[in-house]
Amino acid sequence: MKTMIETRHLTKDYEDLRAVDDVSLSIERGQCVGLLGLNGAGKTTLLRMLCGLLTPSEGDIRIDGLDAAEETLAVRGRIGFLPENPPLYPEMTVARFLRFAALLRGVPALGVEARVQETAQRCQLADRLGDRIETLSYGYRKRVGIAQAIVHQPALVILDEPIAGLDPRQIVEMRELVRSLRGEHTVLLSSHNLPEISQTCDKLLVMDRGRIIQQGSEHELAELLGRRRRILLQVRGERTRVKDTLARVSGVSGVQILGEADGVVEAEIESAADVREEAARAVIGAGLGLLTLSRKELDLEGVFLRLTGGREGQA
Amino acid sequence: MKTIWLIARRELLATLRSPLGFVVAAMVLALDGLLFNLLALGGGEKYSSEVLAQFFYTLSGTTMVASVFISMRLLAEEHQTGSFPLLLTAPVKDGHIIVGKFLGAFLFLALLTLITLYMPLLVMVHGKVSWGHVFAGYLGLLLLGAAALAIGTFGSTVARSQIVAAFISGALVVALLLFWLLGRAADKPLDDVFSFLALHNMHFRPFMAGKIHLRDIVYYLSVTVFFLSAATRMLESRRWR
């Protein structure tokens, strides 16, 4: 499979801040890849470098086999970009704006009208072509933003926070639209909305403090973290006894008491191997009442928080 | 070339539809008419050529002011509204973006300037004016306007706010105008250098009198190209920030 995006040691410095730090990644053609990270993780800076808005401080970018530094215009022609705030001219009608965007991106004049109609159909804008952009709701503006990004049929579509600011219904519609881009385009989208990424993308890149700290499918990432398993227990008994009993189980590396109510202690143990049987035997052997025992499955939020060290979002 | 025209056309239509475009056009045309009546036609008997020279002199001032206000939105507005990525991620050279923007603004200014043609025509009805004088005056106004617009385009590239852009451009235009005073105050050979660099005095007065000197055309075109090049470099440098 041909590589669509390849970066080597990509770095971006802003005076005393390193926004993107030595990022090397490879994305295959036709994939839908989600870039996941907290605010300030460097997602937008990375995307802006990939689409040519920013020049890297160090490192190389190749898009569809072309060197972005050497063949800048050819690379830009292969990309459609939607920033978080759609880049629109409010005084124009949707049709005029899409014609402008198509011509600007090199669509031959004779084919522009067909491209505009086709793109409008795809983005469910056909009945809004005559409307001035300033009269549209934010959800429709986002659609026009996606339409301008795909009107020239780029090989790569880059979407920065495509669902930010949308209401639940618009989110569902936007998700369908982004999904429809898969296959025909390679799609790279950023978000800090974890369920959104997991529902839309084949592969995830987790970014933290300017670095890609992990990549893979949601399942792969969860598996990766699953090497250190977590088991949840509800045990009737005295708090200290429960903790000591669980800590003595072979293979357990940590015990955390999550809560206690009506004589029932809720605990979580962490281990390298699956120690559910040993833990159950130890609890019963100590004369404590084992009420429940389960392996904790990490959802995407859990994966993400653990990968990023559970830090709070930054401004 | 096609993309330059595409950007210029959008810019022209956007200016024509914007409140700023209307306000600038209305203010400039009203001021031109008023000043023509007060300064050019007033003040006792004059030869028609003197009336025309005074008319071009007053128009040169409003043209420079209008240029600063027309150009302040060119790139700063793109920053303010967040529409810049549309242009900056397109397969278009930064220089073509700048020239397209400048050209759109210049077409608007040219339209605005040519609307004032009725005033020299009024002078023609009541006096004797050569078409050559009118042509030379308008050529001078367009060249001066182009230079001021290029300065404004540069200011609009430097600043992210339209107000700041107008301030920077205004300051640059005034600084270039004041070279005329420096030229009078300085000793040789600097006096000639300063006088030559002045935006208005030495280079515009011949146009006012109906004379076209290649030296003056080259000067205004050089100022225009210099500031458009500087704006292009500034835009390129933005990709590093």
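Here the structure is a predicted model, which means the values were calculated and not measured. Residue numbers start from 1 in every chain, and the chains themselves are labelled A, B, ... in the order their sequence lines are given, proteins ahead of strands.
In this structure, a donor-acceptor pair under 3.5 Å is present between the side chains of B:E78 and A:Y89.
B:T89 approaches A:R105 most closely through the heavy-atom pair OG1-NH2, 3.3 Å. Annotation for A:L73 and B:K93: closest pair CD1-CG, 3.8 Å, computed over non-hydrogen atoms. Smallest separation of non-hydrogen atoms from B:T3 and A:L104: CG2-O, 4.3 Å.
More than 12 heavy atoms of other residues, nucleotides or ligands shown are found within 6.0 angstrom of CZ on B:F196. For OH of B:Y219, the number of neighbouring non-hydrogen atoms (other residues, nucleotides, ligands) closer than 6.0 Å is greater than 12. More than 12 heavy atoms of other residues, nucleotides or ligands sit less than 6.0 Å from atom CZ of B:R17.
In terms of heavy-atom pairs under 4.5 Å with chain B, the best-connected choice from A:L82, A:D13, A:L53 is A:L53. Options B:L6, B:T81, B:V92 differ in how many heavy-atom pairs under 4.5 Å they form with chain A, and the most are formed by B:L6.
Residues B:S18 and A:E91 form no side-chain contact, since every pair of their non-hydrogen atoms from C-beta on lies 4.5 Å or further apart.
Distance check: B:R238 CZ to A:L54 CG gives 11.5 Å after rounding to the nearest 0.5 Å.
Although no hydrogens or angles enter the test, the distance criterion places a donor-acceptor pair under 3.5 Å between the side chain of B:R239 and the main chain of A:G52. Proximity of a side-chain donor or acceptor of B:R10 to a complementary backbone N or O of A:F100 within less than 3.5 Å is not detected.
Only the backbone of A:P56 comes within less than 4.5 Å of a heavy atom of chain B; no side-chain atom from C-beta onward does. When heavy atoms are compared at a cutoff of 4.5 Å, A:L103 approaches chain B by way of both its backbone and its side chain.
Within residues 135-152 of chain A, the residues approaching chain B closer than 4.5 Å by heavy atoms are, in numerical order, A:Q148.
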